[in-house]
A.B. asks: 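Mind looking over this structure? Questions follow.
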Amino acid sequence: MKVLLVSPEVSPLSKTGGLGDVAGALPQALRQVGVDARVLCPLYGFIDPESLGKTRQAGSIRLSIGGAARRANVVETKLPATDVPLYLLQHKRSFDRKGIYSDANGDFTDNDERFLLLAQSALALPSAINWTPDVLHLHDWTVALTPACLNALPSGDARRQWASVLTIHNLMHQGVFPKTVLDKSELPHEFYNANGLEHNGCLNMLKGGIHHATKITTVSPTYSREIQEEPFAHGLQKSLKHRAADLIGIINGIDCAQWDPNTDRSLIRNYSIPDVEDGKTACKKDLLETLGLPQEEKRPLFFVVSRLDQQKGLDLLANVLPKLISDHDAAFALLGSGDPLLESTYKSISRENPDRVAAVIGFDEKLARKLFAGGDFLVVPSRFEPCGLTQLYAMRYGTIPVVRETGGLADTVTPWRPGKRSATGIVYEGMGEWELFLALEQALKVYRSQKTFSALRRNGMQRDSSWEPSAKYYAKTYSWAVEQRLKTIRKEEDLKP
Ligand code: ADP
């Protein structure tokens, strides 16, 4: 089985969130279960050529936006420290920038054209590299028009046989543009309808993908059910219900070699299950020093590593945090960036409570790793969470997650209840601040019982979050998609006059 994964970000070269992690780790796991998985991603201006190792110009491909020809180069390399072939789409005008989707001035105004190029290049790349995929595996809205591009190919074109799998990592981001973008896409006008690319008078790239892809996956079983109802469907309920038979929830894994407290070079001390207590104590000391918080190692440390976005429920947390630290002997640290209002809210809570609260605004993977190792409780109060990776990293590093029962959080954290031996974290229901506050208090109760705290910690570390089972499920999904695509093509041919 040959599969080309197409993604706007791929870790460790480019990443704004979980999508980058998945695009970096899944292809490695796929290759281990016998899939010839390769990755196509843009060559951004911030990617350090030194980090790429050996590269080769694999040729150039011709693309077209609204009838205007564009030429892009393909740089072939390997995903760092792996055997995964990586093709970097080099189009300086579109991608030689410091951001993936945006910069300090907001979203790039030409994101429609930039990502149409990426979506189209999935069809053009294989002949340039002399390799024919069975499946195009598209990730999120930026490349969600690729399945429509496949369906628009003339009937004699051999590429029509390629199946497409669209993975939705976050339904909130849909790639909505004015109708005029249809002409830029060069897709047939009949694709622009309510069972296709049109939504509320605009061109909706993700909706187009949902209607045109052979199979659709999303990143947890619970989220795959949630998105068939509002408010989780973000307006696309009808489309998702229509495709329900082809919609599959596959939980994300993590790269267990890259995220291992026993080898992580960001940590002052490495540790594994037998020496977790000593290891985490050393890491906590180091973390408190880095954050400028007092060396009170016995004080429970809650923390967040996140995009600061409405989705993540961090406004709710900001509202209960002052009460948490006034009622209890607890400390808190935040690492994140995004919404300026949330940035300033957390900064001001930290200014008012310098001995208890630290707020670091920015994106800093090394500090994130120190937090996973040195913190006691990761807090994830998301309104919705397709999968979530931070709770998986937390558990792997012996940190207890406190999460809302939604999406992948519900699927990956085993809730603590008195007497429940397999628990790995605190899971709470309800969207309100009060429910969150009670969950944080429950965490403190667990913290006070050394035996329970230690059991949850160890259970989390023992959890298998590896990619292998999910990679096998993707491999099966690819086979189903190929079968289904061939049936569709045969049917079309039978119907030909
Ligand atoms: P999402 O994809 O919605 O952002 P996930 O939990 O799936 O959420 O993935 C987030 C990823 O981004 C994790 O690897 C997390 O550690 C990382 N991350 C988020 N914010 C930061 C930050 N400010 N600094 C470093 N890493 C971050």
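Being a predicted model, the structure only gives us computed values, none of them experimental. Read the numbers this way: they start at 1 and go in the same order the structure lists the ligands and their atoms.
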A.B. asks: Specify the protein heavy atom at minimum distance from atom 20 (N) of ligand 1: its residue, its atom name, and the distance to 0.1 Å.
C.D. replies: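 Looking only at protein heavy atoms, the one closest to atom 20 (N) of ligand 1 is Ser306 C, 3.5 Å.
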A.B. asks: So which heavy atom in the protein is nearest atom 8 (O) of ligand 1, and how far is it from that ligand atom?
C.D. replies: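 Ranking protein heavy atoms by distance from atom 8 (O) of ligand 1, first comes Lys312 NZ, 3.2 Å.
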A.B. asks: Which residue, Glu429, Arg383, Glu226, Glu385, forms the side chain to side chain donor-acceptor pair (under 3.5 Å) with Thr406?
C.D. replies: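 Among the candidates, only Glu226 passes.
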A.B. asks: Geometry only, no angles: is Asn170 polar-contacting ligand 1 at N/O separations under 3.5 Å?
C.D. replies: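 No, no N or O pair falls under 3.5 Å.
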A.B. asks: Does either side chain, that of Thr399 or that of Lys280, offer a donor lying less than 3.5 Å from an acceptor on the other one?
C.D. replies: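 Side-chain D/A pair, Thr399 to Lys280: present.
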A.B. asks: Quick one: does Ser14's side chain get under 4.5 Å of Cys41's, heavy atoms only?
C.D. replies: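 A side-chain contact under 4.5 Å exists here.
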A.B. asks: Which protein heavy atom lies closest to atom 4 (O) of ligand 1, and at what distance to 0.1 Å?
C.D. replies: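 Scanning the protein heavy atoms, the shortest distance from atom 4 (O) of ligand 1 goes to Arg307 NE, 2.8 Å.
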A.B. asks: So between Gly388, Pro386, Gly17, whose heavy atom ends up nearest atom 11 (C) of ligand 1?
C.D. replies: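 The nearest heavy atom belongs to Gly17.
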A.B. asks: Checking the N or O distance criterion of under 3.5 Å, is ligand 1 in contact with Trp259?
C.D. replies: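 So ligand 1 has no N or O lying under 3.5 Å from an N or O of Trp259.
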A.B. asks: To the nearest 0.5 angstrom, please state how far the CG atom of Leu236 sits from the CD1 atom of Ile168.
C.D. replies: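 Here the interatomic distance stands at 8.0 Å.
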A.B. asks: Could you tell me whether Phe363 and ligand 1 have an N or O pair separated by under 3.5 Å?
C.D. replies: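 Not met; the criterion fails.
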A.B. asks: For atom 7 (O) of ligand 1, what's the nearest protein heavy-atom neighbour? Residue, atom name and distance, please.
C.D. replies: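 The closest one turns out to be Leu389 N, 3.3 Å.
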A.B. asks: Going by the atom numbers of ligand 1, which of them fall below 4.0 Å from some non-hydrogen atom of Gly336?
C.D. replies: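 With Gly336 as reference, the close atoms of ligand 1 come out as 23 (N).
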A.B. asks: Quick test: of every protein heavy atom, which one is nearest to atom 2 (O) of ligand 1, and how far off is it to 0.1 Å?
C.D. replies: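 Answer for atom 2 (O) of ligand 1: Gly18 N, 2.7 Å.
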A.B. asks: Give the residue and atom name of whichever protein heavy atom lies nearest to atom 23 (N) of ligand 1, and the separation in Å to one decimal.
C.D. replies: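 Answer for atom 23 (N) of ligand 1: Gly362 O, 2.8 Å.
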A.B. asks: Between Asn252 (side chain) and Ser220 (backbone), is there a donor-acceptor pair under 3.5 Å?
C.D. replies: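 A pair under 3.5 Å: no.
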A.B. asks: Does the separation of the ring centres of Tyr101 and His173 fall below 6.0 angstrom?
C.D. replies: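 No; His173 has its ring centre 6.0 Å or more from that of Tyr101.
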A.B. asks: Can you list everything that forms a ring pair (Phe, Tyr, Trp, His ring centres under 6.0 Å) with Phe453? Sequence neighbours excluded, please.
C.D. replies: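 Scan of Phe453 (ring pair (Phe, Tyr, Trp, His ring centres under 6.0 Å), adjacent residues dropped) gives Phe377, Tyr447.
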A.B. asks: Nearest to atom 13 (C) of ligand 1, what protein heavy atom do you find, and at what distance?
C.D. replies: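 Its nearest protein heavy-atom neighbour is Asp21 OD2, 3.7 Å.
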A.B. asks: For side chain to side chain contact (heavy atoms under 4.5 Å, CB included), just list the numbers for Asp264 and Phe372, CA-CA rounded to whole Å, side-chain angles, deciding distance to a tenth of an Å, and then say yes or no.
C.D. replies: CA-CA 11 Å; Asp264 192 327; Phe372 290 126; over 6 Å; no
A.B. asks: Before giving the answer on side chain to side chain contact (heavy atoms under 4.5 Å, CB included), spell out for Tyr428 and Gln442 the whole-Å C-alpha distance, their side-chain angles and the decisive distance to 0.1 Å.
C.D. replies: CA-CA 10 Å; Tyr428 69 96; Gln442 213 168 57; over 6 Å; no
A.B. asks: Which of the numbered atoms in ligand 1 are under 4.0 angstrom from any heavy atom belonging to Thr390?
C.D. replies: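 Here the atoms of ligand 1 in question are 6 (O), 15 (C), 16 (O).
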A.B. asks: Got the closest protein heavy atom to atom 24 (N) of ligand 1, with its distance?
C.D. replies: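 Here the closest protein heavy atom is Asp364 N, 3.0 Å.
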A.B. asks: Using distance alone, decide if ligand 1 has a nitrogen or oxygen within less than 3.5 Å of any nitrogen or oxygen in Lys15.
C.D. replies: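 Right, the criterion is met.
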A.B. asks: May I ask you to say whether Asp83 pairs ionically with Arg31, meaning some side-chain N is under 4.0 Å from a carboxylate O?
C.D. replies: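 Answer for the salt bridge query: yes.
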